[in-house]
Each structure stands twice: as C-alpha cells, then as structure tokens.
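For reference, the structure is listed below as structure tokens.
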Amino acid sequence: MTIIPGSIQLVENPKAKRDESYANGVRETILGGAAFDFAKQEITSWNGYQKTRLCELPGLARALKVKNTFYKDEGSRFNLGSFKALGGAYAVLRLLQKEIETKTGQVVRSKAIVDRSFADIVSGITVTCATDGNHGRSVAWGASLFGCQCVIYVHETVSKGRQDAIAKYGAEVRVVPGNYDDAVRKAAQDAADNGWFVVSDTSYEGYTSVPRDVMQGYTVMAEESVEQIGEKPTHIFVQGGVGGLAAAICAYFWEQQGAARPYYVVVEPDRADCLYQSAKAGKPVAVHGALDTIMAGLACGEVSIIAWEILSGGANAFMTIPDSAAAEAMRVLASAPYGDDPIVAGESAVAGLAGAILAASDADARARLGLTEDSVLLFYGTEGATDAAVYKQIVGRTPEDILAVA
C-alpha cells in the first residue's frame with residue numbers, strides 16, 4: 001500500500017560504531033554528562049517551560065505494518081513553534097553567562113540575567129546568526145529574554161512571514177542574496193567587523209563551543225521523549241539540515257543506551273543532501289546551488305563538523321526524500337486518514353516521518369533498515385506551522401481549522 005508518493009535514496013553507514021561506547025566512539029564526549037544536567041536545569045527553570053506532547057499514532061503504525069509509531073510534536077515549544085527554542089536561546093544564555101563570569105568573576109544562573117541584575121554588561125552585547133527561520137527566532141527570543149541586542153541574517157528566499165516572526169522579538173533582520181550558506185558567511189563577517197557574537201547552530205574549524213551549546217539544549221527534547229514513551233523504540237528517523245539536531249538526538253541515545261540504542265536514520269531533502277553525500281564520501285562534503293526545497297529549515301549545504309563527528313559513527317543510515325513526500329506527509333498528519341488525532345506539522349518537521357513512510361513501503365529499503373511488524377518508530381516533529389501562509393498553501397487548510405477538528 002502506497003501512503004505517499006516518491007522514491008528515496010538510501011545509503012547504509014559502513015562506519016557505524018554499533019557496539020562501541022559513546023565515549024570511545026567520538027574523539028571526545030562533546031555532549032552529555034554534566035553539560036546535559038546543567039542545560040536541563042536551566043531550560044526547565046525558564047518561565048513557560050513544559051514538556052511538549054508525544055503523540056502515539058497506532059493507525060499509521062498499522063498502515064506501515066509496524067508495531068507502533070510515536071511523534072514528538074514541538075509546535076508548542078515556548079510558544080515559538082519549534083524545537084529550536086531549546087537550542088538558540090540556551091546558547092545565548094551560555095554566551096552571556098561566560099561573558100559575565102569573565103568580567104565579574106561570578107558564576108550566575110539564568111534567573112539573575114532575566115531579572116536584569118547584570119544589565120550593564122548584557123545590554124552592550126550583540127548576538128547574531130544566519131537562519132532559515134526557526135533558529136533565528138530562537139536566538140532573537142533568547143536575546144529579548146536575557147536583555148542583549150540581536151541582528152539576524154536571512155537569505156533571500158526566506159518568507160516574509162518567517163522574517164516578521166523573528167523581528168517581533170526586537171531583532172534587526174537583514175536579507176542576504178544567495179542561499180543559507182551565503183547568509184552564514186555574511187553574519188560571520190559582520191560579526192568580526194563589529195565585535196558581535198555569532199550564535200550559530202553550524203560548527204566549523206575554530207568555531208565549536210556555541211554550536212555545542214545549541215546541540216546540548218536539543219538533548220532536553222530527547223530525554224523528554226524517553227520519559228514519555230510507553231515502549232522502547234527500535235528505530236528513530238530524524239531530519240538532517242547541518243546535522244545539529246540529528247547529532248544531538250543520536251548522542252543522547254548513544255550515551256544512555258549504548259549498543260541497545262535504536263537503529264538511527266538521518267533523512268534530508270534530495271535538493272539539500274550534505275549529510276547523505278558526506279556518508280557516501282566517508283567525510284564531510286558540501287553541496288552547492290540554490291538548495292531550493294520546501295523544507296526550508298533543512299536547506300543547508302555544509303555539514304556541522306561536530307555534528308558529523310557524532311553522526312559518522314552513530315548513525316546507521318542516511319536517506320533523501322523529494323519535496324512531494326514531505327508535502328504529502330504534512331497532509332497525512334493533518335487529515336489523519338488512519339484514525340489518529342490530527343497534527344499540525346511544518347515542512348521541515350516531517351522529513352523523518354516521510355522517510356520512514358517511504359522506506360516502509362519499499363521492500364528493499366524495509367529489509368535493509370530492519371523494519372518489521374515488531375518495529376516501534378519514533379519521530380521528532382521539530383516545528384508546527386511556523387509560516388501559516390505556506391502551510392495553507394501546501395495542506396489546503398489553516399492550522400486553526402485542523403486544530404479545531406483535533
């Protein structure tokens with residue numbers, strides 16, 4: 001039975017370190033441990049924190065001929081519409097904490113910064129980044145929450161709706177010709193010229209500390225899902241992008257469950273497949289061009305180096321999907337044809353789900369990934385309808401219409 005149209009490209013990772021411990025599987029333990037405990041303590045203390053819901057989708061599971069499927073819905077995270085609220089804002093906090101400690105010798109927690117106890121220092125700091133939408137919104141929200149200045153760079157195809165969603169937190173939004181990677185370079189150059197601090201979710205040689213904090217924030221979502229799920233997942237399908245999210249989730253399960261962790265699959269748009277191409281090459285490679293995909297948050301051509309350090313040994317397989325599959329996966333969640341509750345999911349949220357649906361419908365891919373009637377699949381729905389106009393154009397209904405039915 002074909003649930004959504006489209007074909008996949010699939011490569012199994014010959015360098016997967018299935019039986020190796022997390023500490024030995026990467027050069028250093030770059031996520032987890034005390035750093036995770038600190039991130040969890042800070043993020044869960046913020047006003048408005050609550051666990052996002054984990055949706056069980058038994059009807060979809062029956063259609064896919066697996067035991068069960070679970071979808072972690074990040075659409076309500078801190079009212080920002082995506083999981084990025086956990087990463088960008090946390091990285092802003094860590095940067096400010098370090099600057100305060102450097103200038104005063106004091107180790108402070110987020111409450112003191114929110115209360116403006118160090119406004120004389122914080123107000124003079126400017127943070128910046130490039131974004132397709134969600135990360136920039138999180139950084140802008142973090143800057144507003146903690147009281148520093150913010151300039152966000154977007155490339156020319158980022159929608160007006162996403163730009164406005166960033167600007168509403170007081171950030172200055174600058175549009176850059178070209179694609180996401182062009183915006184990354186422009187943000188880095190202007191930061192160097194003006195003495196600003198780059199808060200990027202992309203790491204590169206000489207710039208790893210802040211992206212590590214971004215990724216550490218994401219792991220809070222992974223722990224929530226483990227606490228919420230009623231049974232142990234056998235497979236996790238996660239969307240790619242630069243790799244930060246995929247690596248953070250992978251690192252959490254690798255550290256916590258070792259060789260018993262779920263089979264891990266990274267899914268990307270076929271028009272922006274830097275992780276898939278890196279897996280084929282056995283090393284990080286960049287893809288170029290317009291990277292024109294409806295999955296705007298995944299339109300990335302260059303791999304984050306610390307993310308690749310984790311994924312190169314922790315991921316079991318990499319795959320790509322067409323835009324048409326992502327669009328149809330959004331419609332499947334919205335219309336809930338198998339009796340599950342409707343879910344509002346953005347374009348980038350459904351890549352992992354779309355990849356799993358296509359793989360489960362393909363006999364060869366199903367066998368290669370070990371999908372059986374006993375499989376339990378876990379997905380991270382990383383955003384809601386972060387651009388309502390785009391969502392309606394794809395799904396045919398507004399998010400409000402769907403939520404009214406739910």
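From L60, atom CG reaches atom CD1 of I3 across 5.5 Å, with rounding to the nearest 0.5 Å. To the nearest 0.5 Å, atoms OG1 (T131) and NE2 (H155) are separated by 8.0 Å. Distance check, rounded to the nearest 0.5 Å: CZ of R185 to OH of Y180 gives 11.0 Å. Note that CG of D193 and CG of D190 are 6.0 Å apart. Values are rounded to the nearest 0.5 Å.
Inter-residue side-chain proximity for S312 and K15 is flagged as unmet; no heavy-atom pair is nearer than 4.5 Å. At a threshold of 4.5 Å between non-hydrogen side-chain atoms, the residues F38 and Q97 count as touching.
Classification of E101 and K98 as a salt-bridged pair fails, no side-chain N sitting under 4.0 Å from a carboxylate O. Between D164 and K160, at least one side-chain nitrogen of the basic residue sits less than 4.0 Å from a carboxylate oxygen of the acidic one, meeting the salt-bridge criterion. Between K111 and D115 there is a salt bridge, with a side-chain nitrogen of the basic residue lying less than 4.0 Å from a carboxylate oxygen of the acidic one.
Defined by atom type and a distance below 3.5 Å, a donor-acceptor pair is present between the side-chain atoms of T52 and K72. Donor-acceptor pairing under 3.5 Å is lacking for the side chains of Q149 and E172. A donor-acceptor pair shorter than 3.5 Å can be found between the side chains of Q216 and T219. Donor-acceptor pairing under 3.5 Å is lacking for the side chains of E74 and S82. Using modelled atom types, one finds no donor on one side chain facing an acceptor on the other under 3.5 Å when comparing Q239 with S348. A donor-acceptor contact closer than 3.5 angstrom is absent between the side chains of T208 and S203. Checked by atom type, the side-chain pair S110/E42 shows a donor-acceptor distance below 3.5 Å.
For the side chain to side chain donor-acceptor pair (under 3.5 Å) test, residues two or more places apart in sequence or in another chain that qualify with K67 are E231. With sequence neighbours excluded, the residues that form a side chain to side chain contact (heavy atoms under 4.5 Å, CB included) with R53 are C55, D73, I343.
No donor-acceptor distance shorter than 3.5 angstrom exists from the side chain of S375 to the backbone of T234, with no hydrogens or angles considered. Between the side chain of R137 and the backbone N or O of T386 there is at least one donor-acceptor pair closer than 3.5 Å. A donor-acceptor pair under 3.5 Å links the side-chain atoms of R261 to the main chain of G258, judged by distance alone. D273 contributes no side-chain N or O that, together with a main-chain N or O of Y276, makes up a donor-acceptor pair within less than 3.5 Å. In this structure a side-chain-to-backbone donor-acceptor pair under 3.5 Å is present from S138 to K84. In this structure, the side chain of W254 engages the main chain of E20 through a donor-acceptor pair within 3.5 Å. Put simply, the side chain of N194 never gets that close to the backbone of W196: no donor and acceptor are under 3.5 Å apart. Formation of a donor-acceptor pair under 3.5 Å by the D182 side chain with backbone atoms of N179 is found in this model.
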Take Y391 and T398 through the side-chain hydrogen bond (donor to acceptor under 3.5 Å, both in side chains) test and state the conclusion after the steps.
CA-CA 7 Å; Y391 183 85; T398 68; over 6 Å; no

Is there a side-chain hydrogen bond (donor to acceptor under 3.5 Å, both in side chains) between E56 and N68 once you walk through the steps?
CA-CA 8 Å; E56 186 174 359; N68 214 341; 2.6 Å; yes

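Atom CG of N47 has 12 or fewer neighbouring heavy atoms from other residues, nucleotides or ligands inside a 6.0 Å radius.
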Identify all side-chain donor-acceptor contacts of residues 279-297 below 3.5 Å with residues at least two apart in sequence or on another chain.
unit_1	atom_1	unit_2	atom_2	d
T293	OG1	M295	N	3.0
T293	OG1	D323	OD1	2.6

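Here the closest heavy-atom approach between residue W46 and residue A85 is recorded as CZ3-O, 4.1 Å. Contact record, A349 with E383: CB-O, 3.2 Å, taken as the closest heavy-atom pair. Taking all atoms of both residues into account, the shortest heavy-atom contact from A325 to A354 is O-CB, 3.8 Å.
The distance between the ring centers of F83 and Y218 falls below 6.0 angstrom.
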